[in-house]
Amino acid sequence: MRYSQAFIHTLFEAPKEAETPSHIFLLRGSFVYPLAAGLYSLLPLGHRAVEKIKRIIREELDAIGGLEVTMPVVNPAELWKKTGRYFNIGDELIRFKDRRDRQFVLAMTHEEVVTDMAKQFVRSYRDLPVMLYQIQTKIRDEARPRAGLLRVREFQMKDAYSFHPDFEDLDGYYPRMFNAYLRIFARCGLKSTPIEADSGIMGGSGSHEFMLESENGEDHFVLCPACGYSANTEKAVGVKPGRPPCGEKAGEAPALEKVSTPGVKTIAGLMRFFEASEEHFLKAVAYVADGQLVLAVVRGDFSVSVTKLAAHLKAVQLDYAVEKTLLETGLNAGFLSPVGISGVRIVFDTSITGLELYIAGANEPDMHLKNVLPGRDFELKERADIAEVREGDRCSACGQADLQIKRGIELGHTFKLGIKYTAGDSMDVTYLNGAGEPNTVVMGCYGIGVERLLASVIERCHDAAGMQFPVAIAPYHIIISQLGNQPEVVAMAERLYAQLGSSREVLYDDRSESPGVKLKDADLIGIPVRLVVSRKLEKSGDVEIKIRQTGEVRICPERDLEATLEAIFKELEISIQNLPYMDERA
RNA sequence: CGGGGCGUAGCGCAGCCUGGUAGCGCACCUGCCUUGGGAGCAGGGGGCCGUAGGUUCAAAUCCUAUCGCCCCGACCA
């Protein structure tokens with residue numbers, strides 16, 4: 001492709017809205033063009049890179065028996081009502097009516113549609129297992145799109161769904177998908193960290209998110225440097241350290257004491273007032289879980305994990321309680337306390353024990369309670385792990401090291417769905433087993449955001465000058481930068497373009513721009529191999545080869561060029577195939 | 001949805017406080033010249049100052065409303 005015809009319009013300066021590297025370079029490099037918040041067109045370069053990612057995904061999924069399909073984005077609402085998601089999902093799901101006033105949704109994922117297909121066609125155990133996948137547009141009215149392609153409202157997702165005769169078969173299949181995911185990300189040049197993810201109300205027996213460690217990610221996960229335990233902070237369990245002795249012995253506990261704390265509003269203020277550190281306080285937070293008021297209580301040095309609390313309560317909808325709700329129940333926002341209230345479900349975190357004294361709110365303005373003893377001053381009935389794990393908490397898996405908290409981008413998610421969508425009270429999908437008895441089909445589902453994967457590669461592979469694509473997903477393999485427009489230079493560049501074009505994807509920069517412009521553009525768009533043709537080189541019959549990733553420069557006689565390039569590409573491609581985590585294939 | 005910031009040429013910005021003929025750099029077009037890291041000279045085109053009201057003789061500038069975009073948070077199958 002000739003650069004002058006390639007619809008590439010790079011930007012000298014980064015548009016001001018862009019802050020993360022992938023966002024900046026995607027815009028500057030003419031890969032994407034923004035249409036509205038979280039909506040992007042893919043320009044020719046971006047489109048080519050995305051198509052290459054899709055090809056890798058197809059190869060890996062086909063290799064584990066996947067069958068590609070395409071399902072509609074417009075779905076009848078009826079189907080989504082059957083699984084309950086029409087009601088359970090908030091504004092993120094776009095709902096609308098057609099001209100006949102029939103209700104529809106724009107699919108944000110395709111469990112309903114694919115399960116409907118399975119219901120129609122899976123009759124016998126002979127039809128199982130089967131894995132269907134598609135690479136299709138997903139629409140989600142995200143509350144806050146951000147960072148270019150990292151979080152958008154319309155994107156292409158590879159979503160795969162597997163159907164199994166029983167949980168055992170799903171458990172057997174799941175590692176194959178797990179490893180296909182590792183291979184897909186590795187082939188894109190990324191080392192992904194699989195972490196345990198929340199399964200919450202979804203039930204099922206397991207879920208993994210594949211994270212790319214990145215400061216610009218929006219997810220947090222913990223990692224144990226000793227045993228490798230890793231999990232989303234929403235789910236991760238750490239050892240909660242006991243608190244240092246506070247001078248009082250529980251056995252001879254002093255009586256509950258009400259203390260006036262006029263004007264003391266903040267935790268910091270209370271700590272000064274009582275001359276006590278955070279862990280001596282009870283922190284109570286009020287939520288409304290599916291319409292029911294719930295008080296969550298954690299030790300003062302922890303915070304409530306909304307995900308863990310929702311999972312514990314099996315709640316579909318969990319929101320902070322508004323002050324009005326609290327007043328109606330006789331509770332006082334800001335001075336919430338488990339002491340002396342009734343008729344409200346209270347969940348205590350496991351950090352709270354009946355052996356320590358605490359300071360708590362008094363449920364009335366400007367009053368706190370001292371010497372609060374769980375078990376004596378309130379019933380310590382419902383205890384669960386509802387606190388968010390913290391950096392430095394001891395690993396609960398091995399007990400050997402302190403957990404680290406990392407930021408990451410979620411590249412993909414695999415999920416043992418179980419029978420959430422196939423159960424009798426959902427879409428009721430059954431097959432006949434060998435004995436002629438009806439059994440419920442068991443499902444798994446697996447997703448990868450394609451454009452996010454592209455952005456993630458750039459987050460990881462770039463320098464100050466621009467992107468540095470691995471060969472496998474670069475929009476072109478080679479860029480020929482013709483410097484100078486003397487006839488013999490042009491002739492040489494044209495010759496190389498014609499010659500190399502048969503075996504490689506070549507972008508030929510034929511513009512009559514100054515050398516600086518061409519070289520900067522070549523760096524910016526991250527083509528792995530750059531060939532320079534100039535008057536000086538032409539005279540000696542040489543071509544300059546520069547490898548984008550390493551910056552290595554070689555001068556090569558024209559007659560040796562093809563062989564040299566093949567050797568270079570072999571090396572570049574092998575260096576990806578040989579990454580250590582490729583050995584994790586099952 | 002809460003907090004903050006920004007809307008002036010394709011991009012980056014100045015002008016706004018203190019109202020009075022809309023500017024700069026890059027990009028774009030024409031010509032000459034130049035070709036190893038975003039060249040030079042000359043000429044040229046491009047604007048409903050986000051939108052709508054209001055104040056005023058006069059509004060990019062002051063007031064009100066509204067829309068859009070970005071960042072932080074909440075939320076996120």
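Residue numbers begin at 1 in each chain, while the letters A, B, ... track the order of the sequences.
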Quiz item: Counting distance only, does the side-chain N/O of A:His110 pair as donor-acceptor with the main-chain N or O of A:Pro72 below 3.5 Å?
Solution: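 Pair found, side chain donor or acceptor close to backbone of A:Pro72.
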Quiz prompt | Main-chain N/O of A:Leu11 paired with A:Arg28 side-chain donor or acceptor, under 3.5 Å | solution =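 Between the backbone of A:Leu11 and the side chain of A:Arg28 there is a qualifying donor-acceptor contact (under 3.5 Å).
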Regarding [X], tell me which of base, sugar-phosphate or nothing describes its non-hydrogen contacts under 4.0 Å with the strands shown.
X: A:Arg28; answer: base
X: A:Arg146; answer: sugar-phosphate
X: A:Ala107; answer: nothing
X: A:Ala18; answer: nothing
X: A:Lys546; answer: base
X: A:Ala37; answer: sugar-phosphate

Could you please name the option among [options] that lies closest to any side-chain atom of [X]?
X: A:Arg85; options: B:A77, B:G38, B:U8; answer: B:A77
X: A:Arg144; options: B:A77, B:C76, B:A74; answer: B:A74
X: A:Glu92; options: B:A77, B:G37, B:C76; answer: B:C76
X: A:Thr10; options: B:C11, B:G38, B:A77; answer: B:G38
X: A:Lys16; options: B:G12, B:G38, B:C69; answer: B:G12
X: A:Glu19; options: B:G38, B:A77, B:C71; answer: B:C71
X: A:Glu13; options: B:G38, B:A77, B:G12; answer: B:G12

Could you check which nucleotide pairs with [N] in any of the strands shown, counting Watson-Crick or G-U wobble with both distances under 3.5 Å?
N: B:C6; result: B:G68
N: B:G40; result: B:C32
N: B:G73; result: B:C1
N: B:C13; result: B:G23
N: B:C49; result: none
N: B:A59; result: none

Quiz item: Would you say the side chain of A:Glu17 and the base of B:G7 hold a donor-acceptor pair, judged only by whether the two atoms sit under 3.5 Å apart?
Solution: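 Side chain to base: no pair below 3.5 Å.
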Quiz item: Is the count of non-hydrogen atoms from other residues, nucleotides or ligands lying under 6.0 Å from A:Glu215 atom CD greater than 12?
Solution: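 Counting neighbours around CD of A:Glu215, 12 or fewer heavy atoms of other residues, nucleotides or ligands fall under 6.0 Å, so no.
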Quiz item: Which letters describe nucleotides 29-36 of chain B, given B = protein heavy atom under 4.0 Å from base, S = only from sugar-phosphate, - = neither?
Solution: ------BB
Self-check item: Check ion pair A:Lys536-A:Asp542 (N to O, under 4.0 angstrom)
Solution: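 Result for this pair is no, no salt bridge flagged.
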Quiz item: Do A:Gln482 and A:Lys518 come within less than 4.5 Å of each other through their side chains, counting heavy atoms only?
Solution: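 Contact flag for A:Gln482/A:Lys518 side chains = yes.
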Practice problem: Name all residues meeting the side chain to side chain contact (heavy atoms under 4.5 Å, CB included) criterion together with A:Asn232; count only those two or more places apart in sequence or in a different chain, and write none if there are none. | Solution: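 Per chain and number, A:Asn232 pairs via side chain to side chain contact (heavy atoms under 4.5 Å, CB included) with A:Ile195, A:Glu209, A:Asp219, A:Glu234.
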Practice problem: Name all residues meeting the ring-ring contact (aromatic ring centres under 6.0 Å, His included) criterion together with A:Phe7; count only those two or more places apart in sequence or in a different chain, and write none if there are none. | Solution: A:His9
Quiz prompt | A:Arg151 vs B:C76: side-chain N/O to OP1/OP2 distance below 4.0 Å | solution =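 Result: no.
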Quiz prompt | No-hydrogen, no-angle side-chain donor-acceptor test under 3.5 Å, A:Asn485 and A:Ser512 | solution =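 Absent: no donor and acceptor within the cut-off.
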Quiz prompt | Inter-nucleotide P distance (B:C67, B:C76), Å rounded | solution =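 Straight-line distance between the two P atoms is 26 Å.
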